[in-house]
Amino acid sequence: MQLANRISKIEASKTLQVKEKALELKAKGIRVIDLTAGEPDFWTPDFIAQAGIQAINEGFTKYTANNGIPELREAIAQKLMRDNHLDYTAAQIIVSSGAKQSILNALLAVLNDGEEVILPSPYWVSYPEQIKIAGGIPVIIDTLQTDFKLSVDLLKQHISQKTRAIILNSPCNPTGVVYSESELSALADVLRDQDIWIISDEIYEKIIFDNLHHFSIAGFKDMIEKCIVINGFSKSYSMTGWRIGYAAAPGPVIKAMSKIQGHYTSNASSISQKAALAALHGPATEIEHMRKTFETRRNFIRTQLDSRPYFSYAYPQGAFYFFINISKVFGKDAGEKTIQNSVDFSSFVTENFHVVSVPGIAFGADDFIRISFAASQEELEIGMQKLLQAMDQII
Ligand SMILES: Cc1ncc(COP(=O)(O)O)c(C=O)c1O
């Protein structure tokens, strides 16, 4: 019996090898410092959780409208105006089971088979695979020489007759880089007259440091008509398990996304929608506390990395990751093995120092590893000490 062709086009997780090693060690009772987390290490704020509980107690446990409950879409429209100065109506918003679903909905709604999607690298792991699931071709642009950001020149060089969309992600996972207002404005100038959809993933919007301000490319002149703005509750509100994300876009795109979503997941969880509504209406104190904690941790790791001459890294001004260049160890012997790539390095450090990182190859950059600072200060201190020890030993 055969499986569908599309399955062979989608890559399985490249990080499995390292994860398996970590699990093996844990099973032996060894303390493993896991710096791979893609989610905040905080509880969902209590007032949000209580809204979910109340929804259950009140029997709000049935199907809702495909696009999401009207009061949540209205609250999202208000949020987009308040925080981002973007003028959307509730009808231009669709709530999904996580931003991950919102992005796939968007790609399925705008791509025809064989059309190209521009994707700056390093990129979030799911983008290339989602593009392929939607029948598109990822056109990956390496930004290692341009401070991990897509430049105007690089963008112009990669636009072709077949380009149908581009994915931008600021603050970025895995690098943490944040596009400035002028950088986005310059990209908008190139894209304004093109027949290209801009999928702008802004899910780390609230986790931003150094008093920076988040800008959406949809906010520049005439750009709102070309943009599909993606956001969600997972990262800002520490609600990964609640699975609520959303997209804001011109009406016809939202209608198309709704048509698709209606036939495979219907609405996002009714209970989680009520919790998300509470998140938008509630106090920002805990959100700000999480943001500040991430910034303190970012500063700590930076000092640690700067204590050695052999690390270079993307300076994270947002999100909760460090993307560290470890290529200086390539070609060096570590135990019985010579380190050749990011998987070798991550595996070696996991096995011998019990600190787990994500190999950069998963994000399209094999000279790097990603470590997450969504971990406690104690774990970060032990983890960093061991990571430095590992580097000192191999170098
Ligand atoms: C850049 C980026 N976009 C989207 C998502 C998906 O988030 P959600 O939990 O809302 O599906 C993630 C999660 O890791 C992410 O890092």
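Predicted, not measured: the structure shown is a model, and the values here were computed from it. For ligands, and for the atoms within them, numbers begin at 1 and follow the listed sequence.
- Residues satisfying the ring-ring contact (aromatic ring centres under 6.0 Å, His included) test with F148, not counting sequence neighbours, are F368.
- Within 6.0 Å of the NZ atom in K100, the count of heavy atoms belonging to other residues, nucleotides or ligands does not exceed 12.
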For ligand 1, list every N/O pair with the protein closer than 3.5 Å, one pair per line with the distance.
residue: ligand 1; atom: 3 (N); partner: D201; partner atom: OD2; Å: 2.6
residue: ligand 1; atom: 9 (O); partner: S234; partner atom: OG; Å: 2.7
residue: ligand 1; atom: 9 (O); partner: R243; partner atom: NH1; Å: 2.7
residue: ligand 1; atom: 10 (O); partner: A99; partner atom: N; Å: 2.7
residue: ligand 1; atom: 10 (O); partner: S234; partner atom: OG; Å: 3.2
residue: ligand 1; atom: 11 (O); partner: A99; partner atom: N; Å: 3.2
residue: ligand 1; atom: 11 (O); partner: K100; partner atom: N; Å: 3.0
residue: ligand 1; atom: 11 (O); partner: R243; partner atom: NH2; Å: 2.8
residue: ligand 1; atom: 14 (O); partner: K235; partner atom: NZ; Å: 2.6
residue: ligand 1; atom: 16 (O); partner: N173; partner atom: ND2; Å: 2.8
residue: ligand 1; atom: 16 (O); partner: Y204; partner atom: OH; Å: 2.8

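- Listed by first then second residue, pairs satisfying ring pair (Phe, Tyr, Trp, His ring centres under 6.0 Å) with a partner in residues 149-175 number zero, not counting sequence neighbours.
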side-chain hydrogen bond (donor to acceptor under 3.5 Å, both in side chains) between Y315 and R298, intermediate numbers included: CA-CA 9 Å; Y315 175 55; R298 191 273 318 251; 3.1 Å; yes

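- For N57, the CG atom is densely surrounded, since the number of other residues' heavy atoms within 6.0 Å is greater than 12.
- Legend: side-chain hydrogen bond (donor to acceptor under 3.5 Å, both in side chains) pairs involving residues 278-288, not counting sequence neighbours, sorted by first then second residue: E288-R291.
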